[in-house]
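This report concerns only the one structure given below.
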Amino acid sequence: MDEIRVRIAPSPSGNLHVGTARTALFNYLFAKKNNGKFVLRIEDTDLDRSSQAYIDNIYDSLKALGLNWDEGPDVGGPYGPYQQSERFDIYPKYAQKLIDAGYAYECFCTQEELEAEKEDSIKNHRAHKYSGKCRNLSEEEKAKLRAEGRKPSIRFHVPEDGETKFNDLVKGELKFDNKLIGDFVIMKSNGTPTYNFAVVVDDMEMKISHIIRGEDHISNTAKQIMIYEALGAEVPKFGHLGMILAPDRSKLSKRHGATAVSEFVEKGYLTEALINFVALLGWSPSDGQEIKSLDEIAADFRIGEVSSSNSIFEYDKLNWMNGQYIKKMDIKKLCELARPFLSKYDLSEMSEENFEKMILATREPITVLSDLENDCSYFFGQDVEIEPDVREKIVDTEQGQNILKYVDENEIAKWDFDNDEKLHEQLADFRAYFKEKGIKPKETMWALRAAVTGRTHGADMVVILEILGKERVARRIKAAIK
RNA sequence: GCUCCCAUCGUCUAGAGGCCUAGGACACAUCCCUUUCACGGAUGCGACAGGGGUUCAAAUCCCCUUGGGAGUACCA
């Protein structure tokens with residue numbers, strides 16, 4: 001059997017979309033599982049909408065997700081170039097080949113004529129397709145039209161009857177009635193190829209064996225198969241994935257939140273979690289273990305088991321999963337990723353060691369890295385602002401004041417801020433003292449916490465005390481005493 | 001309009017005729033653990049869209065209806 005070769009072919013008219021990332025993922029998994037090659041091709045034939053910034057974003061996002069390609073514009077490969085704008089000269093040759101073989105013809109219709117045809121069809125409740133009126137133009141007629149200054153497009157001559165069918169890797173047997181497909185343009189009048197033509201030529205030249213893509217391409221498939229056959233090329237296998245939808249079942253777009261991989265990263269999602277989550281949209285692990293690395297998923301992956309229905313992108317599970325990854329992540333790496341999210345604080349005032357301690361103590365409840373900004377606020381600055389509600393219900397109560405005064409006068413001096421084991425015990429003693437007076441341990445700690453952090457919940461008190469140090473803690477407690 | 005795809009808990013899904021009084025995960029609720037929030041553990045809530053067939057037997061196969069999605073460009 002020939003080598004398995006798959007590709008992802010994004011067009012750089014925007015940042016890498018999660019939907020594209022999922023398609024890339026399934027291609028990558030299929031390649032990995034089958035010892036094949038994963039190639040990246042940039043489809044930038046629409047020069048107006050394409051930009052280098054987007055190309056860079058695609059590279060960065062794919063790499064960040066761990067979806068490394070074997071061949072592509074930047075790394076090269078045996079079937080390059082891998083960027084369509086550098087391949088413009090090869091499409092006309094194939095188009096000419098099709099004309100010569102009678103599979104395609106020049107069409108001189110103007111935009112207006114085409115519009116009129118379409119409107120006519122709609123008026124008569126017919127499925128509109130190109131009439132084919134330029135199909136049999138004589139050389140004289142063509143010359144005349146050319147003399148008028150009309151630049152022809154090239155259309156593929158679709159067979160009048162029969163059907164085009166293929167066995168979809170995920171959907172099974174699919175077929176299309178040829179007479180419903182109009183002669184479609186393969187080369188625009190400006191000399192550039194249309195999408196349907198460019199993909200086929202590129203996939204053929206790049207020896208792509210399996211095309212795994214979104215089901216929005218299903219109806220293109222018939223046209224593409226016709227081109228392959230007309231060109232005498234081997235038709236690859238196709239597999240169409242269901243789409244990712246927003247919770248309201250519409251296309252996932254900006255108004256639903258982030259859509260680009262890079263936006264998710266900026267919001268504090270880990271790429272490991274994102275890719276894991278997206279893999280679960282349409283695929284499920286055979287052992288029920290949902291949290292899996294890319295390699296583990298690849299080992300377990302089978303394209304035929306992928307769900308053929310659409311799936312909805314819900315943040316709940318992504319958030320949970322991201323939290324799981326945050327909890328398990330190597331602490332050094334997490335610290336690095338966390339830094340940008342704490343840029344509003346003066347990080348220079350905190351030692352590397354304390355920074356790590358802080359992250360270790362605050363990573364537990366968070367779901368996205370951006371939660372850190374709020375959750376770490378009390379670790380910075382000399383003073384804290386006590387939330388009004390907390391002040392009223394805890395700090396300013398008689399019990400609260402008593403506890404704080406007691407801490408100020410009898411406890412703080414003896415607390416060992418540099419020894420967490422001792423500090424831990426000392427706090428236990430402190431709780432025990434008030435417990436004898438009938439105050440719950442929880443409430444005792446609340447008073448301390450409220451005065452020191454301004455809140456009722458947060459990281460472990462021992463860690464907070466250690467990082468803040470005796471002076472700052474004393475200062476904040478005094479400030480809370482009326 | 002026409003063509004195509006899809007249809008199991010709110011969501012992601014397991015299920016490929018009997019193992020299903022339909023399993024798991026997220027979310028939600030309650031409880032336990034606990035110096036807070038969380039984590040973790042336990043329990044609970046919760047679905048085969050509807051209707052016809054086929055069969056001894058259907059979530060699983062077929063048909064229709066309904067619902068959702070996609071395509072219908074000299075965009076990709």
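So you know, we letter chains A, B, ... as the sequences are listed, proteins then strands, and number each from 1. Here the structure is a predicted model, which is why all the values come from computation and not from measurement.
- Here B:A25 sits opposite B:U11 as a Watson-Crick or G-U wobble pair (both hydrogen-bonding atom distances under 3.5 Å).
- Nucleotides B:G40 and B:G52 place their P atoms 46 Å apart, quoted to the nearest Å.
- In this entry B:C31 has B:G41 as its Watson-Crick or G-U wobble partner, both defining distances falling under 3.5 Å.
- Proximity note for A:I312 (side chain, C-beta onward) versus B:C26, B:C12, B:A76: the nearest is B:C12.
- Donor-acceptor pairing under 3.5 Å is lacking for the side chains of A:T362 and A:D375.
- Taking the six-membered ring for Trp and thresholds of 30 and 60 degrees, A:H157 and A:Y105 have ring planes more than 60 degrees apart, a perpendicular arrangement.
- Comparing B:G18 with B:A59, their C1' atoms are spaced 13 Å from each other, to the whole Å.
- Nearest nucleotide to the side chain of A:R49, out of B:C12, B:U35, B:C75: B:C75.
- Side chain of A:S311, nearest nucleotide from B:C37, B:C12, B:A7: B:C12.
- Residue A:L427 is classed as having no contact, given no heavy-atom separation below 4.0 Å to the nucleic acid.
- Residue A:K317 contributes atom NZ, which lies 10 Å from atom C1' of B:A27 at whole-angstrom precision.
- Backbone-only engagement by A:F176 is indicated by non-hydrogen atom pairs under 4.0 Å involving sugar-phosphate atoms exclusively.
- Around atom NZ of A:K440, no more than 12 heavy atoms belonging to other residues, nucleotides or ligands sit under 6.0 Å away.
- Note on A:T45: a side-chain N or O is less than 4.0 Å away from OP1 or OP2 of B:A76.
- Here the separation of B:A27 from B:C33, taken at their P atoms, is 22 Å to the nearest Å.
- Among the heavy atoms of the strands lying under 4.0 Å from A:E290 is at least one base atom, whether or not backbone atoms are also near.
- Using a distance-only test at 3.5 Å, with no hydrogens or angles considered, no donor-acceptor pair links the side chain of A:W69 to the main chain of A:L40.
- Phosphate contact (OP1/OP2 of B:U13, side-chain N/O of A:Q289, threshold under 4.0 Å): absent.
- For the residue pair A:E205 / A:Y94, a side-chain donor-acceptor distance below 3.5 Å is found, with atom types taken as modelled.
- Rounding to whole angstrom units, CZ of residue A:F26 and C1' of B:C12 are separated by 12 Å.
- If you check B:U36, B:A27, B:C12 against the side chain of A:D316, the one that comes closest is B:A27.
- Checking B:G46 for Watson-Crick or G-U wobble geometry (two distances, each under 3.5 Å) identifies no partner in any strand.
- Whole-Å rounding puts the A:F238 CZ to B:C4 P distance at 18 Å.
- Pairing partner, B:C56: B:G18, with both Watson-Crick or wobble hydrogen-bond distances short of 3.5 Å.
- The residue A:D460 sits close to a base: some heavy atom pair falls under 4.0 Å.
- Ring geometry, A:F277 versus A:F313: the interplanar angle exceeds 60°, so the pair is classed perpendicular (tilted spans 30 to 60°).
- With both ends at atom C1', the span from B:A7 to B:U65 equals 13 Å, rounded to whole Å.
- For the pair A:R363 CZ and B:G40 C1', the computed distance is 15 Å after rounding to whole Å.
- Pairing of B:U72, defined by two Watson-Crick or G-U wobble distances under 3.5 Å, is identified with B:G1.
- Across B:G68 and B:U8, the matching C1' atoms stand 16 Å from one another, rounded to whole Å.
- In this structure, A:K223 forms a cation-pi arrangement with A:F184, its terminal cationic atom sitting closer than 6.0 Å to the ring centre and no more than 45° off the ring axis.
- For B:G1 and B:G46, the C1' atoms lie 40 Å apart once the distance is rounded to whole Å.
- A:G323 comes within contact range of no nucleotide atom at all, as no heavy-atom separation falls under 4.0 Å.
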Within the sub-3.5 Å range, which N or O atoms of nucleotides 67-74 of chain B have a protein N or O partner, and how far apart are they?
residue, atom, partner, partner atom, Å
B:G69, OP1, A:R249, O, 3.4
B:G69, O2', A:N310, ND2, 3.1
B:G71, O2', A:S219, OG, 2.6
B:C74, O2, A:S189, N, 2.7
B:C74, O2, A:S189, OG, 3.0
B:C74, N3, A:S189, OG, 3.2
B:C74, N4, A:C109, O, 2.8

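- Among the atoms of the strands shown, base atoms are found under 4.0 Å from some heavy atom of A:G458.
- With P as the reference atom, B:C6 and B:G10 are 22 Å apart, rounded to whole Å.
- One N or O on the side chain of A:N276 and one on the backbone of A:E290 form a donor-acceptor pair closer than 3.5 Å.
- Annotation: of the two residues near RNA chain B, A:P193 and A:V170, the 5′-most nearest-nucleotide partner is A:V170.
- Protein atom CH2 of A:W283 is 12 Å distant from nucleotide atom C1' of B:U13, rounded to whole Å.
- If you check B:A38, B:A76, B:U35 against the side chain of A:M445, the one that comes closest is B:U35.
- Rounded to whole angstrom, the span from the CD atom of A:Q426 across to the C1' atom of B:U35 amounts to 15 Å.
- The distance between atom NE2 of A:H457 and atom C1' of B:U34, rounded to the nearest whole Å, is 16 Å.
- The residue among A:V462 and A:S11 whose nearest nucleotide of RNA chain B is located toward the 5' end is A:V462.
- Residue-level contact check: A:S13 touches neither bases nor backbone, having no heavy atom under 4.0 Å from any strand.
- Taking atom C1' on both B:U36 and B:A14, the two are 39 Å apart, rounded to the nearest angstrom.
- For the side chain to side chain donor-acceptor pair (under 3.5 Å) test with A:H240, the passing option among A:K171, A:R213, A:E215 is A:R213; the others fail.
- With rounding to whole Å, A:N319 atom CG is found 19 Å from B:A25 atom P.
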A:F379 and A:I464: CA distance, side-chain angles, deciding distance, side-chain contact (heavy atoms from CB on, under 4.5 Å) verdict: CA-CA 7 Å; A:F379 284 104; A:I464 295 173; 3.9 Å; yes

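- Closest approach to the A:W446 side chain among B:U36, B:U13, B:C75 is made by B:U36 (side chain taken as heavy atoms from C-beta onward).
- With 3.5 Å as the limit, one finds a donor-acceptor pair spanning the side chains of A:D248 and A:H256.
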